[in-house]
Asks: 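Got a structure for you, written out below as structure tokens; questions coming shortly.
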2 protein chains.
Amino acid sequence: MWRYATRMGSKSSYHHGDLRRTLLDQAALLLREEGEKGLSMRALAARVGVSRTAPYHHFKDKEDLLCAIATEGFRRFIGVLSLESADLSETNVRQFVHSYLGFAISNAEYYDLMFGSQLWKSGSVNEALRQEAQASFRFYLEQVRDWQRQGKVNNQLDPLRYAQVSWSALHGMCRLLIDGIYLDPGSMGPMCDEAGSMFWRELQAGRQAGKAPASGPGAQRSSH
Amino acid sequence: MWRYATRMGSKSSYHHGDLRRTLLDQAALLLREEGEKGLSMRALAARVGVSRTAPYHHFKDKEDLLCAIATEGFRRFIGVLSLESADLSETNVRQFVHSYLGFAISNAEYYDLMFGSQLWKSGSVNEALRQEAQASFRFYLEQVRDWQRQGKVNNQLDPLRYAQVSWSALHGMCRLLIDGIYLDPGSMGPMCDEAGSMFWRELQAGRQAGKAPASGPGAQRSSH
DNA sequence: CGCCCGATTTTGACAATGTCAAGATGTGGC
DNA sequence: GCCACATCTTGACATTGTCAAAATCGGGCG
């Protein structure tokens with residue numbers, strides 16, 4: 001556990017001293033500027049002013065780098081999620097939807113990694129990333145459960161199902177917006193309101209039609 | 001407009017005779033078997049038993065091929081969408097949700113292309129693909145408008161907003177399920193029901209809280 | 001019946017990329 | 001002052017997308 005040049009700024013040519021941090025930041029910048037295709041290990045190394053294989057001493061491979069960026073994204077994201085702790089109201093729920101989409105849109109390069117198929121589908125998610133991700137969903141779910149315990153939402157509602165479906169709606173809007181499918185930026189505001197109202201109504205009404213709340217496995221390793 | 005070997009099966013080594021069709025099918029198979037990373041132009045050509053650049057005489061480049069596959073996916077998809085023309089009921093809405101997710105899950109290799117960022121975000125969508133995609137959303141939107149005209153859903157509801165939000169929820173569930181984020185296959189059934197009920201409630205209740213239905217630009221080129 | 005044009009396929013080639021192996025170069029602790 | 005080791009570099013290789021030029025085949029036209 002030894003640091004070489006803890007002071008940044010003084011480039012000693014060899015031994016960058018702060019390479020890992022710099023790589024993470026510049027990679028995110030590259031992603032934002034040039035998109036996913038613009039981020040290659042070699043381009044990143046060149047941008048940072050280091051040889052092509054230098055990054056491999058800080059990240060096992062490219063996916064490891066991406067996981068690290070995604071993990072940082074989740075840290076920031078959780079900050080946004082935990083904003084709305086005030087009491088529950090329709091305006092509040094709407095506001096939350098706005099916040100979620102706001103983060104996703106203005107940090108699209110992070111959001112794409114955090115919830116993109118690139119990392120998740122190929123099963124190459126870090127353990128750190130997986131935990132950070134689970135934490136954010138669990139946080140959301142716990143909030144719903146708290147509301148229910150406090151009698152603020154209908155008792156009939158299955159918190160897990162509601163959390164899953166509402167999160168899906170949020171995620172779906174982000175994806176369609178970011179990818180430019182069906183939705184255009186102009187309809188973002190009204191959509192957030194519509195979604196917020198729908199969520200609100202669901203929270204108040206709960207499920208009425210038949211079928212006792214199922215108890216099967218819920219979200220991965222976060223049921224119960 | 002001349003066909004060489006219209007009869008399939010007789011390989012004349014040169015002049016495959018049905019290459020475009022074969023490429024589309026085998027590419028989809030490759031995707032399903034090995035995932036996105038497994039589909040390379042060269043691997044595909046090898047699998048079909050043809051030289052590496054042969055496919056380029058049928059598709060401008062790789063993205064063109066992917067667009068073609070996605071377009072076929074939309075054709076099949078629209079068939080699924082148009083199933084539920086019966087009268088509107090909660091069971092029916094739930095059934096629709098099941099159908100949507102059912103298609104997406106069991107045709108994930110198509111769904112990923114149809115609604116994946118790979119094609120849409122890089123702005124490399126075919127004109128054919130774009131139209132097919134718009135058609136499917138417009139179809140969905142028109143159905144909601146019909147319901148409203150027939151007095152089956154609340155008059156206060158803004159069909160466009162509802163269509164956008166509910167479609168987002170459907171899409172979000174598919175993405176989270178397919179990518180294995182938060183949702184596991186076991187919770188698919190209950191989630192569909194929860195979502196269906198939420199949609200149903202929204203259709204019946206409409207928006208009640210303030211704000212006259214906005215009239216801004218809706219989905220790309222499908223407002224009005 | 002045979003030739004020719006053009007559709008189709010192939011071989012050769014090149015640049016970009018991810019990543020490994022071996023060597024070079026510093027740094028702090030002894 | 002020296003050594004172990006983290007850090008960085010150069011060299012190399014396989015894979016991939018794709019272009020250019022050459023080879024090959026088939027049907028319509030003479």
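Labels below follow one simple rule: chain letters A, B, ... track the order of the sequence lines, proteins then strands, and each chain is numbered from 1.
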Asks: Would you say B:His58 reaches C:dT9's phosphate, i.e. side-chain N/O to OP1/OP2 under 4.0 Å?
Replies: yes

Asks: Assign the ring pair A:Phe137 / A:Tyr140 to parallel, tilted or perpendicular, where the plane angle (0 to 90°) is split at 30° and 60°.
Replies: tilted

Asks: So for the helix from C:dC1-D:dG30 to C:dC30-D:dG1, with five pairs setting each end axis, what is the inter-axis angle to 10°?
Replies: 10°

Asks: Determine whether more than 12 heavy atoms belonging to other residues, nucleotides or ligands lie under 6.0 Å from atom CD of A:Glu63.
Replies: yes

Asks: By side chain to side chain donor-acceptor pair (under 3.5 Å), which residues pair with B:Arg21, not counting sequence neighbours?
Replies: B:Asp25, B:Glu72

Asks: Rounded to the nearest Å, what distance is computed from the CZ atom of residue A:Phe59 to the C1' atom of nucleotide D:dC8?
Replies: 15 Å

Asks: Rounded to whole angstrom units, what separation is found between the CZ atom of A:Arg20 and the C1' atom of D:dC8?
Replies: 17 Å

Asks: For nucleotides 13-21 of chain D, read 5' to 3', which letter fits each nucleotide if B means a protein heavy atom sits under 4.0 Å from the base, S means only the sugar-phosphate is that close, and - means neither?
Replies: ---BBBB--

Asks: When the distance from CD of A:Gln118 to P of C:dG18 is rounded to whole Å, what number comes out?
Replies: 11 Å

Asks: Any chance you could measure B:Phe59, atom CZ, to B:Leu19, atom CG, to the nearest 0.5 Å?
Replies: 8.0 Å

Asks: Evaluate salt bridge (Lys or Arg N to Asp or Glu O under 4.0 Å) for B:Arg175 paired with B:Asp112, printing each intermediate quantity in order.
Replies: CA-CA 9 Å; B:Arg175 283 260 58 88; B:Asp112 279 347; 2.7 Å; yes

Asks: Between B:Leu19 (CG) and D:dC25 (P), how many Å, whole number?
Replies: 16 Å

